[in-house]
Protein chains: 2
Amino acid sequence: MTARLYVSAQEVAERAGVSRSAVSRTFTPGASVSPETRRRVMEAADALGYQVNHLARGLMRNESGIVCLIVSEVATPYRSALLSILTQKLQNAGKVAMLVNTDRSDGSVDRALKQAIRYRADASIIMSGLPDKSITQLCLKNGQRLVLINRDDDQPGPLRINLDDHEAASRVVTAFVRAGCRRLAFANSQAGTPSLMAREHGFVHAARRLGLDVVVERYGWTGYEAGQVLAQRLLTHQDRPDAVFCATDLLACGFMDTARRQFSLSIPDQLCVAGFDDIEQAAWTSYDLTTFAQPVEAIATEAVRWLEDRSLHEERRIQLHADLVWRGSIRGG
Amino acid sequence: MTARLYVSAQEVAERAGVSRSAVSRTFTPGASVSPETRRRVMEAADALGYQVNHLARGLMRNESGIVCLIVSEVATPYRSALLSILTQKLQNAGKVAMLVNTDRSDGSVDRALKQAIRYRADASIIMSGLPDKSITQLCLKNGQRLVLINRDDDQPGPLRINLDDHEAASRVVTAFVRAGCRRLAFANSQAGTPSLMAREHGFVHAARRLGLDVVVERYGWTGYEAGQVLAQRLLTHQDRPDAVFCATDLLACGFMDTARRQFSLSIPDQLCVAGFDDIEQAAWTSYDLTTFAQPVEAIATEAVRWLEDRSLHEERRIQLHADLVWRGSIRGG
DNA sequence: AACGCTTTTGCAAGCGTGTGCAAATGCTGC
DNA sequence: GCAGCATTTGCACACGCTTGCAAAAGCGTT
């Protein structure tokens, strides 16, 4: 019993006693079909289990309905949260998400974009890494739309969504100082992405403006373990910090755990901590971390809105605001 | 400057001075092309930025290369970990993942499968929820392959991958008893999925076999907050448990936090805890949770292997083993 | 040079759909 | 009944690709 072919519009047409065009029009919103034929077509379609072939439709319309999401480290809390809401909203907009994982190997963002082109994706949303300019050109030339999320750079053409990292970082300084902290530190990873660096620079500059120095430490990849190592390093510093801004909540979690367990520090009494992203774990009582919320909802909304609106295919930048979520890891408040 | 059409094989052929077929064959592994024409085609293709149109190819070959992943609660640690590795392996196998998020609304698994059919996905992998039998039939009739992960049920046709939940649960009983615990409890959500229930039943049965009773509590959705509530309920129980098996690591995290913070219990001295999934947070020092590891690697490997091997399109069940990861939340060891 | 064989090439049909165009149909008002 | 109009329908072509088939080309042998 080798599987039969899918049922085609032709078969539906025959069963309904109409032409194939009528079937096509029935499934094309806004096409001209009389109520009566539509009914008969629907009936036949249901009976046969007909589903429009989107490959063929995409071929004709030159619009596949596919949006390619390019991500690495999908299993990370912030990434998966953004991914979740993006797919949600894309589906609501009648699109479907194609997920390309760019872990390992470096040219993989480029490979991912080529994959997107092969499937004639209507757009690609890049959440990690950066494509080569030549590939960007290729995409734009082919009318493929491009969205860059939190990957600020100078590529032309696409929609770029970014946060006010710099300004957010300066708010942390204020909070730390108001809490009576004077020995500030910044814990960063070595990833060196623009948003991470913007937080670092924003923090350092704002502190300097108040005449305060900042100890900056960078280590490894942006995860829990790196946070632990950073705590080891920063807390054994001769002049131990009394406040640390971690570039990421994951770093902050590792940092806090090591600060408490290994250095027996009480938070926020002896050490104030702030993070960024507002991942789910930041709200867990073990951490109760004061942090900045990634506006994932707004990011997704803006991205999808831009994709839907065909008039806006010009270059565009959107800067969103990261709200400070005040919890218990900074004194006062 | 409205975006030009994508470059087609025709244009490549003209530029290379060969027929369209030659171009097609150049990009079809194993087709008969002379080295010389292949070279010329490749040259022209590179110059023009040609990418094979997979929509058209899928239409002809009746094989799209798309595999549909049907998931809800993508942002959950275990789900996102599985998703990550699955996409990884699918890509290595030359497939591409289409992600359908089935949060909200109940018929959405069915809708997701219809979507998969419309895009003529070669297969669908269901990680959450359960499709209606009629839809399953529709898929199989159309030659679409189906993989169910941890969703044991009686649907015919697909590949079903499950864990030895029952046996794992009984190992926890042994560990608890060996640690000197006698007042056992099981913390579950109300989701009632087969795997969760298998863990519950396995635990209760194994305990009963040793003459021990188990207090079972169920609440809410399988997340951190539910764990907190479950702790509230179980730890105020007249005869307070000295060991609790949480159906899920997320539940366990919430449970532990509330046990420590609200009831000032020390783990594992006054309370032993075990979880299931081995999410990343289970290894964090705040939790240091003894738990069972979801064999995500093996799950993905088996699923992809089955998809690749066209000979195995008969029904199949695979039962995988969940390793016990011993950490500090149970005494002894 | 003629032969047989293998490899390469081009032709053309077909995959399942959307849509412009012209023919057909239905409806309204004389 | 018929002109005038709006609506519906079917035909046929196009989308970009794969592939069976037969013709063409290459090549070694006699």
Side-chain angles (χ1 to χ4, degrees), chain A residues 3-42 44-45 48-66 117-122 142-144, chain B residues 3-42 44-45 48-66 117-122 142-144:
Chain A
R4 259 198 334 100
L5 258 75
Y6 288 86
V7 25
S8 74
Q10 181 61 47
E11 305 176 47
V12 177
E14 280 162 14
R15 172 159 183 145
V18 298
S19 80
R20 200 183 49 71
S21 325
V23 178
S24 180
R25 285 193 249 261
T26 299
F27 289 96
T28 302
S32 164
V33 196
S34 76
E36 170 58 11
T37 32
R38 152 164 274 126
R39 197 190 54 72
R40 287 168 61 188
V41 167
M42 280 310 217
L48 296 174
Y50 171 72
Q51 298 291 131
V52 179
N53 186 333
H54 272 55
L55 300 181
R57 168 177 282 185
L59 195 54
M60 266 303 299
R61 288 211 187 139
N62 221 29
E63 179 176 359
S64 61
I66 296 174
I117 292 183
R118 286 197 278 267
Y119 280 97
R120 297 303 188 258
D122 298 338
N142 287 329
Q144 171 152 163
Chain B
R4 256 195 340 95
L5 259 76
Y6 287 86
V7 26
S8 74
Q10 179 63 45
E11 306 176 48
V12 177
E14 279 162 15
R15 173 161 183 142
V18 298
S19 78
R20 183 177 39 258
S21 327
V23 179
S24 180
R25 285 192 247 261
T26 299
F27 289 96
T28 302
S32 163
V33 197
S34 76
E36 171 58 11
T37 32
R38 151 163 276 125
R39 196 190 54 71
R40 288 168 60 189
V41 168
M42 279 312 218
L48 297 175
Y50 171 72
Q51 298 290 132
V52 178
N53 185 332
H54 273 54
L55 301 181
R57 169 176 281 186
L59 196 54
M60 267 304 298
R61 290 213 184 137
N62 222 28
E63 178 177 0
S64 62
I66 296 174
I117 292 184
R118 286 197 278 269
Y119 279 97
R120 298 303 189 257
D122 298 337
N142 287 329
Q144 172 153 161

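Order of the sequence lines fixes the chain letters, A, B, ..., with proteins taken first and strands second; residue numbering starts at 1 for each chain.
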Is the backbone of B:Gly58 close enough, under 3.5 Å, to the side chain of B:Arg61 for a donor and an acceptor to pair up by distance? no
Calculate the interatomic distance between B:Asn62 atom CG and D:dT18 atom P; express it in whole Å. 14 Å
Please find the pair of heavy atoms, one from B:Ala16 and one from B:Ala44, that lie closest to each other, and give the distance. CB-CB, 3.9 Å
Write down the distance between CD (A:Glu63) and C1' (C:dT17), rounded to a whole number of angstrom. 14 Å
Nearest-neighbour nucleotide for the A:Arg61 side chain, D:dT19, C:dT19, C:dC15 considered: C:dT19
Is a side-chain N or O of A:Arg38 found less than 3.5 angstrom from the main chain of A:Thr26, in a donor-acceptor match? yes
In Å and rounded to the nearest 0.5 Å, what is the CD to CZ distance from B:Glu14 to B:Arg20? 9.0 Å
Whole-Å distance separating the CG atom of A:Leu55 from the P atom of D:dA14: 22 Å
d(B:Arg15 CZ, B:Arg40 CZ) to nearest 0.5 Å is 12.0 Å
Separation of B:Met60 atom CE from D:dC15 atom P, in whole Å? 17 Å
Which letters describe nucleotides 4-11 of chain D, given B = protein heavy atom under 4.0 Å from base, S = only from sugar-phosphate, - = neither? ----BBBB
So B:Ser24, base contact, sugar-phosphate only, or nothing? Heavy-atom distance under 4.0 Å. base
d(CG, A:Asn53; P, C:dC15) in whole Å: 12 Å
Rounded to whole angstrom units, what separation is found between the CD atom of A:Gln51 and the C1' atom of C:dG16? 14 Å
Integer-rounded Å distance: D:dC17 P and A:Arg118 CZ: 12 Å
Under 4.0 Å, heavy atoms only, any strand: does A:Tyr50 hit a base, just the sugar-phosphate, or nothing? sugar-phosphate
Rounded to the nearest 0.5 Å, the CZ atom of B:Phe27 sits from the CD atom of B:Gln51 at a distance of 7.5 Å
Considering non-hydrogen atoms only, spot the tightest contact between B:Val7 and B:Tyr50 and give its length. O-CD1, 3.4 Å
Output the rounded distance in Å from CZ (B:Arg38) to P (C:dT7). 15 Å
